[in-house]
Amino acid sequence: MSGAGVHPSAVVEPGARIDPTATVGPFCVVGSDVVIGPDVTLKSHVVVTGQTEVGEGTTIFPFAVIGEVPQDLKFKGEASRLIIGKRNRIREHVTMNSGTEGGGGVTRIGDDGLFMAGCHIAHDAHVGDRVIVVNSAAVAGHCILEDDVIVGGLSGIHQFVRIGKGAIIGAVTMVTNDVIPYGLVQAPRGDLDGLNLVGLKRKGVARSDITALRAAFQMLAQGEGTFHDRAERLGKETDSEYVREIVAFVMGDSDRSFLTPR
């Protein structure tokens with residue numbers, strides 16, 4: 001469809017559904033299966049294609065390509081989707097791909113995220129709310145980024161990796177294993193080097209919970225038994241909701257094992 005919010009130079013294919021309050025800027029291309037929600041802004045030169053939904057209040061900046069087919073040689077053209085939540089800011093040259101049959105067919109982006117220039121979200125990734133992916137970082141296929149995660153610039157997240165709630169990945173870091181909630185990962189091959197204490201304090205987490213998290217991290221680092229054994233024992237001993245989140249994460253299904261404290 002076209003209307004007052006669609007620039008005359010934009011190409012909107014028949015079948016696209018664009019909310020009347022949305023803005024489609026100059027030289028944008030919107031595919032026939034795309035749904036653009038209320039108050040969405042496509043700045044200019046944006047491509048939104050495939051079976052893609054863009055949620056209310058999201059802004060997409062020039063030269064982003066959203067909803068293209070996966071960069072996966074196993075993809076054979078099957079129907080797949082990209083679902084983007086509300087109030088996201090998707091900056092210049094960002095790429096987000098749709099899902100694959102082998103990964104469930106859907107790539108999901110939560111609400112209130114910031115995806116900085118040049119970053120990539122691959123097929124079948126599930127990204128939570130308030131996630132920040134900094135310039136030129138890449139999230140591979142089938143990854144899970146829980147709420148409030150920050151991925152530093154020029155970093156790479158290996159396929160199938162899970163990153164727990166509130167974790168932070170330093171710049172120029174390769175993450176090849178799961179990261180516990182609130183973890184701090186840095187160094188070229190991704191060492192679990194502590195907790196995201198700055199993020200916890202900014203969030204207003206109580207001092208008692210931060211103390212409990214510190215103690216839990218030390219137990220995971222230095223306790224007896226395997227990493228899994230330590231987490232299981234920790235779950236029986238803690239009263240902290242935040243520590244329980246770490247325990248639940250470690251006890252959950254994992255395809256990549258875990259980064260463990262140094």
Side-chain angles (χ1 to χ4, degrees), residues 1 12-19 22 28-38 40 42 46-60 64-90 93-115 118-133 137-149 151 156-165 175-179 249 252-257:
M1 64 168 289
V12 178
E13 296 180 359
R17 290 182 285 165
I18 301 175
D19 190 273
C28 292
V29 176
V30 180
S32 60
D33 294 319
V34 170
V35 178
I36 303 292
V40 168
L42 311 184
V46 174
V47 175
V48 185
T49 187
Q51 295 185 28
T52 298
E53 300 175 22
V54 182
E56 178 179 356
T58 291
T59 299
I60 306 179
V65 179
I66 307 300
E68 263 293 359
V69 297
Q71 299 177 98
D72 184 344
L73 294 176
K74 298 186 296 298
F75 181 73
K76 302 301 181 184
E78 63 268 20
S80 61
R81 303 168 65 195
L82 168 63
I83 300 175
I84 298 173
K86 300 177 181 179
R87 298 177 301 277
N88 288 286
R89 286 171 288 168
I90 300 172
H93 297 279
V94 169
T95 53
M96 294 181 175
N97 293 160
S98 61
T100 64
E101 184 177 16
V106 181
T107 304
R108 293 184 183 275
I109 309 297
D111 300 336
D112 300 300
L114 172 58
F115 301 87
C119 73
H120 175 64
I121 307 297
H123 60 89
D124 305 295
H126 287 193
V127 178
D129 298 338
R130 300 175 300 280
V131 168
I132 299 173
V133 182
V139 177
H142 311 280
C143 289
I144 297 174
L145 277 60
E146 296 185 351
D147 296 347
D148 302 305
V149 165
V151 179
I157 313 300
H158 194 284
Q159 61 186 5
F160 294 102
V161 161
R162 298 182 303 146
I163 300 182
K165 180 179 180 180
V175 182
T176 57
N177 296 99
D178 291 355
V179 179
F249 186 88
D253 293 334
S254 173
D255 292 306
R256 294 294 305 173
S257 188

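Just so it is clear, the structure is predicted and the values come from calculations on it, not from any experiment. For the single chain, residues carry numbers from 1 onward in sequence order.
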- Message: So which atom in Ala137 and which in Val151 form the shortest heavy-atom distance, rounded to 0.1 Å?
- Response: CB-CG1, 3.9 Å
- Contacts of type side-chain hydrogen bond (donor to acceptor under 3.5 Å, both in side chains), residue Thr95, not counting sequence neighbours: His120
- Message: Quick check for you: to the nearest 0.5 Å, what is the distance between Ile18 atom CD1 and Ile36 atom CD1?
- Response: 6.0 Å
- Could you list the residues that satisfy ring pair (Phe, Tyr, Trp, His ring centres under 6.0 Å) with His93, not counting sequence neighbours? Phe63
- Partners meeting side-chain hydrogen bond (donor to acceptor under 3.5 Å, both in side chains) with Ser98 (sequence neighbours left out): Ser80
- Just jot down the side-chain contact (heavy atoms from CB on, under 4.5 Å) partners of Glu146, sequence neighbours excluded, or say none. Ile144, Lys165, Phe249
- Query: If you round to the nearest 0.5 Å, how far is OG1 of Thr107 from NE2 of His123?
  - Reply: 8.0 Å
- Task: Rounded to the nearest 0.5 Å, what's the gap from CD on Glu13 to OG1 on Thr49? Could you check?
- Result: 6.5 Å
- Task: Give the minimum heavy-atom separation between Ala140 and Cys143, together with the two atoms involved.
- Result: O-SG, 3.3 Å
- For the student: nearest non-hydrogen atoms of Val133 and Cys119, plus distance: CG1-CB, 3.7 Å
- Item | 4.5 Å side-chain heavy-atom contact, Val40 and Asp19 | no
- Sequence-distant partners of Arg81, side-chain hydrogen bond (donor to acceptor under 3.5 Å, both in side chains), two or more places apart: Glu53
- Note on the structure: So salt bridge (Lys or Arg N to Asp or Glu O under 4.0 Å) across residues 64-76, not counting sequence neighbours, yields Asp72-Lys74
- Query: Which residues pass the side-chain contact (heavy atoms from CB on, under 4.5 Å) test with Arg256, sequence neighbours left out?
  - Reply: His158, Phe160, Val161, Thr176, Asn177, Asp178
- Task: Decide yes or no on side-chain contact (heavy atoms from CB on, under 4.5 Å) for Val30 and Leu42, but give the supporting numbers first.
- Result: CA-CA 10 Å; Val30 180; Leu42 311 184; 3.9 Å; yes
- So how far is it from Leu145 CG to Ile109 CD1, rounded to the nearest 0.5 Å? 9.0 Å
- Partners of Asp124 by side-chain contact (heavy atoms from CB on, under 4.5 Å), sequence neighbours excluded? Thr100, His142
- Item | Nearest-0.5 Å distance that lies between atom CD1 in Ile90 and atom CD1 in Ile121 | 9.0 Å
- Query: In chain order, what residues pass the salt bridge (charged side-chain N to carboxylate O under 4.0 Å, His left out) check against Asp129, with sequence neighbours excluded?
  - Reply: none
- Message: Between Asp111 and Lys86, does any NZ, NE, NH1 or NH2 come within less than 4.0 Å of an OD or OE carboxylate oxygen?
- Response: no
- Please list, chain by chain and in numerical order, all residues satisfying side-chain contact (heavy atoms from CB on, under 4.5 Å) with Glu101, sequence neighbours excluded. Glu78
- Can you tell me if Asp33 uses its side chain to pair, donor with acceptor, with the backbone of Gly15 under 3.5 Å? no
- Message: How close do Gly99 and Pro70 get, counting heavy atoms only, and between which atoms?
- Response: O-CG, 3.3 Å
- All salt bridge (charged side-chain N to carboxylate O under 4.0 Å, His left out) counterparts of Asp112, not counting sequence neighbours: Arg87
